[in-house]
Asks: 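First, the structure itself, so that you have it in front of you.
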Protein chains: 2
Amino acid sequence: VSAETLARLYRDYIACLNRQDWTELGRFVHRQVTHNERLLGLEGYRQMLVDDYAAIPDLRFTVDWLVSEPPFVAARLAFTCTPKGRFLDLPVHGRTISFAEHVFYRWEEDRIVEVRSILDKAAVERQL
Amino acid sequence: VSAETLARLYRDYIACLNRQDWTELGRFVHRQVTHNERLLGLEGYRQMLVDDYAAIPDLRFTVDWLVSEPPFVAARLAFTCTPKGRFLDLPVHGRTISFAEHVFYRWEEDRIVEVRSILDKAAVERQL
């Protein structure tokens, strides 16, 4: 898989999230996927995303920076959204906030098998 | 510059930081470097690092994941270190903590000109 192909596949994955197209998620995510060293598996990963959208109805993933070197992709994702309740253990409660996520993915062939993510909690704190 | 060359250059940059070899920093860092959208310039960048080592005498940069696609490098850096006072606005005060930094670099030729960094503040909070 080339860097270009993996980058395109990644953008398709992000589009899938933004459509909340959970039936398609298995095209991009491995059955044994881990997220920050927790084994979620495909079903657990889907549930994490469903829970994210329940907590943040206007959630939308925007790729700001994208770096692709198979089998790795790194992305800086930008968010402007309105969490209903607490978010990152902070009392956001319906404020609209902007923050970034810096996330690394390891792919096994054409599926994401390992995710390491950091959300910019300090940026959210500065907006409260 | 190939992905391999940029990755090697990046590892040389990290070795330079770990030696605290501030006379060499200009080999890797652009005179007009920005850090999280603040224009620091080479001197401001050097001062930031000098201040980091003053606050964290046992600071050491370890590359955990490295993704190189010119003109970008993304790195997951791992730290185990002992900040003397407050760190990320948290009362660390001499505890040894472990956390990651997810950091993106844009290079102009062979020098870093733009840095976007997120530190895992939530991980530090969990250790206090």
Side-chain angles (χ1 to χ4, degrees), chain A residues 1-11 34-38 62-79 83 86-92 97-107 112-128, chain B residues 1-11 34-38 62-79 83 86-92 97-107 112-128:
Chain A
V1 182
S2 71
E4 292 70 25
T5 301
L6 207 60
R8 191 165 53 242
L9 203 56
Y10 180 70
R11 290 189 185 278
T34 65
H35 184 273
N36 286 345
E37 301 191 296
R38 282 197 310 144
T62 303
V63 178
D64 188 10
W65 291 31
L66 177 55
V67 189
S68 173
E69 186 187 29
F72 300 107
V73 164
R76 175 179 165 87
L77 302 176
F79 299 91
R86 293 183 71 83
F87 176 66
L88 304 179
D89 207 29
L90 296 170
V92 175
I97 53 174
S98 295
F99 61 92
E101 176 181 6
H102 285 188
V103 57
F104 288 76
Y105 307 84
R106 184 169 61 82
W107 298 65
I112 295 163
V113 70
E114 187 175 1
V115 182
R116 304 299 293 259
S117 158
I118 304 181
L119 295 159
D120 194 350
K121 182 171 182 172
V124 176
E125 288 173 335
R126 286 192 297 271
Q127 294 166 68
L128 299 184
Chain B
V1 183
S2 71
E4 293 69 27
T5 301
L6 208 60
R8 191 166 53 242
L9 203 57
Y10 180 70
R11 290 190 185 278
T34 66
H35 184 274
N36 287 345
E37 301 191 296
R38 282 196 311 144
T62 303
V63 178
D64 188 11
W65 291 31
L66 176 54
V67 189
S68 174
E69 184 186 31
F72 299 107
V73 164
R76 176 180 163 86
L77 302 176
F79 298 92
R86 293 183 71 83
F87 176 66
L88 305 177
D89 207 29
L90 296 171
V92 175
I97 53 175
S98 295
F99 61 93
E101 176 181 6
H102 285 187
V103 56
F104 288 76
Y105 307 83
R106 184 168 62 81
W107 298 66
I112 296 164
V113 71
E114 187 174 1
V115 182
R116 305 298 293 260
S117 157
I118 303 180
L119 295 160
D120 194 351
K121 182 170 182 174
V124 176
E125 288 173 335
R126 287 192 296 271
Q127 294 166 68
L128 298 184

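Just so it is clear, the structure is predicted and the values come from calculations on it, not from any experiment. The sequence lines fix the lettering, A, B, ..., with proteins before strands; numbering per chain opens at 1.
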Asks: Between the side chain of E69(B) and the main-chain N/O of E69(A), is any donor-acceptor distance below 3.5 Å?
Replies: no
Asks: Determine the option with the most heavy-atom pairs under 4.5 angstrom with chain A, choosing from D64(B), V73(B), I118(B).
Replies: I118(B)
Asks: Heavy-atom pairs under 4.5 Å with chain A - which of A100(B), S117(B), S68(B) has more of them than the others?
Replies: S68(B)
Asks: Answer yes or no: are there more than 12 heavy-atom neighbours, outside R86(B) itself, under 6.0 Å from its atom CZ?
Replies: yes
Asks: Could you tell me which of P70(A), A75(A), A3(A) has the largest number of non-hydrogen atom pairs under 4.5 Å with chain B?
Replies: A75(A)
Asks: Of all the heavy-atom pairs spanning F72(B) and L66(A), show the shortest one and how long it is.
Replies: CD1-O, 4.5 Å
Asks: Please round to the nearest 0.5 Å and tell me the distance separating atom CZ of R76(B) and atom NE2 of H102(A).
Replies: 13.5 Å
Asks: What residues of residues 121-128 of chain B sit under 4.5 Å from chain A when only non-hydrogen atoms are counted?
Replies: K121(B), A122(B), E125(B)
Asks: With a 4.5 angstrom heavy-atom cut-off, is it the side chain or the backbone of L88(B) that approaches chain A, or both, or neither?
Replies: neither
Asks: With only heavy atoms counted, which part of A7(B) is less than 4.5 Å from chain A, the side chain, the backbone, both or neither?
Replies: neither
Asks: So, for Y105(A) and W65(B), which heavy atoms are closest and what is the spacing to 0.1 Å?
Replies: C-CZ3, 3.9 Å
